[in-house]
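What follows is a set of notes on a single structure, which appears directly below.
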Amino acid sequence: GFAIRCLYAAGMSRPIIAASLGLLAALCAPPTQARTLQAKIARVTTPVATLEQVRVRVDWAADAQSGELQLWAGRVEAPDLGYRYRDLHWRCEGALRSGRSAPLQLAVRFDAASTQASLARGNARIALDRNAASPDLTTFDLARVPIQWAQALLAKAWPDANFKSGDFDARLLIDAPTHRPLRISGPLTLRGIGLETADASIAGEKLGGRFAIDYRTTPALSLLTVDGELRGGEFLAGNTYVALPATPVGLRIDAMQHAGAGWELPRIEWRDGDALTAEGSAHFAADASLQSLDLDVHSGDMSPLRQRYLS
């Protein structure tokens, strides 16, 4: 059963399960000599990702109680999440490799009720939990994950930004029904984030915060809500430099993007106590250039403004 447990979570698709069952059936008789069995699958499609040129191999030593499972995929694409991989190779309970990239440690467990997997490198860890009773739902727990690991997903919303440093924690629920929008939601904690756009018009260092995010996307429309608070750090936007205080600064952004168009932000809220509150909207072109900005700004205590916003 060990080969099936590893294989199901790696592919999460019925063709791969069927292939593993076939391999297991061939291995059920007590082996008296070493065996090697292989299965090839041209294409595997899931609501989140597509795998192509899939190959599964089980090596079973003579009289051994368990065998070794390996999986290869020539191409893996998750376009809604922005990820594309080539030449993936995984050995059960071992390193996951993509081309020449540094390997990650992948471990998978599967039974009739659930699938669990973890991916780790150093202190960074991503854990997956999926229940057979709700196959469209997948929970991800992320701890100390470098922000660079999320660059491809973040580029879907902000293609010009390069995230250089920092890490984050999150507990994200991914809902991937067949005939409804893909949805990613949950709490997010940022630490020490550093970023810069290609033209250096926006940059940030040591940014932190806690947010609730809700992202829904279809081929025609994407919707995003970010609601929470910034905690420290500094950023530059055009000619405006902001040094965030140690006290939390509330931030809410509602955004939408139609296919082929830029992002529209119908709701922007900034809440820095009595020092500064702002409400408004903005519109960006498809190349992320700012087209319009409308803000109502109020300050009940102007004494902190120079240090925080006018440096």
Side-chain angles (χ1 to χ4, degrees), residues 78 80-85 96 98 101-106 118-128 139-174 184-215 222 224-238 240-255 263 265 268-272 282 284 288 307-309 311:
D80 287 334
L81 302 181
Y83 291 98
R84 290 172 173 80
Y85 299 102
L96 174 68
S98 175
S101 301
L104 299 164
Q105 292 300 313
L106 175 63
S118 65
L119 195 63
R121 181 190 294 161
N123 293 328
R125 184 174 183 272
I126 302 174
L128 172 153
T139 300
F140 283 90
D141 282 304
L142 304 97
R144 293 287 177 183
V145 174
I147 194 67
Q148 295 94 327
W149 289 16
Q151 177 71 49
L153 176 60
L154 294 169
K156 297 285 288 183
W158 196 0
D160 287 344
N162 175 34
F163 290 84
K164 305 180 299 179
S165 59
D167 60 51
F168 67 96
D169 300 336
R171 181 175 175 82
L172 302 178
L173 179 65
I174 298 183
I184 304 173
S185 60
L188 171 69
T189 300
L190 304 174
R191 288 181 295 268
I193 301 300
L195 63 95
E196 186 176 23
T197 57
D199 61 2
S201 62
I202 299 176
E205 291 291 341
K206 298 180 181 179
L207 295 169
R210 296 180 179 177
F211 299 93
I213 64 171
D214 190 347
Y215 174 67
S222 295
L224 172 66
T225 296
V226 178
D227 190 7
E229 56 189 29
L230 290 164
R231 290 178 172 265
E234 56 187 349
F235 67 88
L236 177 71
T240 302
Y241 169 76
V242 176
L244 292 166
T247 53
V249 175
L251 175 65
R252 180 185 173 105
I253 297 175
D254 292 348
W263 282 94
L265 280 58
I268 303 172
E269 294 182 1
W270 181 274
R271 302 178 298 276
D272 185 6
F284 293 85
Q307 181 180 5
R308 297 181 187 179
Y309 298 99
S311 302

Between [X] and [Y], which heavy-atom pair has the shortest distance, and what is it?
X      : Y      : answer
Ser222 : Tyr215 : OG-OH, 3.8 Å
Ser165 : Ile147 : O-CG2, 3.2 Å
Trp158 : Leu195 : CH2-CD1, 3.9 Å
Ser201 : Thr197 : N-OG1, 3.3 Å
Pro146 : Phe168 : O-CE2, 3.9 Å
Tyr309 : Thr240 : O-CG2, 4.4 Å

Are the side chains of [Y] and [X] in contact, using a 4.5 Å heavy-atom criterion?
X      : Y      : answer
Val249 : Leu251 : no
Arg171 : Phe140 : no
Leu142 : Leu172 : yes
Arg191 : Leu207 : no
Val145 : Arg125 : no
Trp263 : Leu224 : yes

*State plainly whether the residues Lys164 and Glu205 are in salt-bridge range, i.e. N to O under 4.0 Å.*
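Between Glu205 and Lys164 there is a salt bridge, with a charged N closer than 4.0 Å to a carboxylate O.
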_I'd like to know if Arg308 pairs up with Asp272 as an ion pair, taking the criterion as any Lys NZ or Arg NE/NH1/NH2 lying under 4.0 Å from an Asp or Glu carboxylate oxygen._
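A salt bridge links Arg308 with Asp272.
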Roughly how far, to the nearest 0.5 Å, is [atom2] of [Y] from [atom1] of [X]?
X      : Y      : atom1 : atom2 : result
Leu244 : Glu229 : CG    : CD    : 11.5 Å
Ile268 : Ile253 : CD1   : CD1   : 6.0 Å
Thr189 : Asp167 : OG1   : CG    : 10.0 Å
Leu188 : Leu190 : CG    : CG    : 4.5 Å
Asn162 : Gln148 : CG    : CD    : 8.0 Å
Phe211 : Arg231 : CZ    : CZ    : 10.0 Å

_Stepwise side chain to side chain contact (heavy atoms under 4.5 Å, CB included) test for Lys206 and Phe235_ = CA-CA 9 Å; Lys206 298 180 181 179; Phe235 67 88; over 6 Å; no
*asked:* If we ignore hydrogens and angles and just use 3.5 Å, is the side chain of Asp169 paired with the main-chain N or O of Arg144 as donor and acceptor?
replied: yes
*Side chain Gln151, main chain Ala161, donor-acceptor under 3.5 Å*: yes
*asked:* Does Asp199, at its CG atom, have more than 12 non-hydrogen atoms belonging to other residues, nucleotides or ligands within less than 6.0 Å?
replied: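 Enclosed: over 12 neighbouring heavy atoms sit under 6.0 Å from CG of Asp199.
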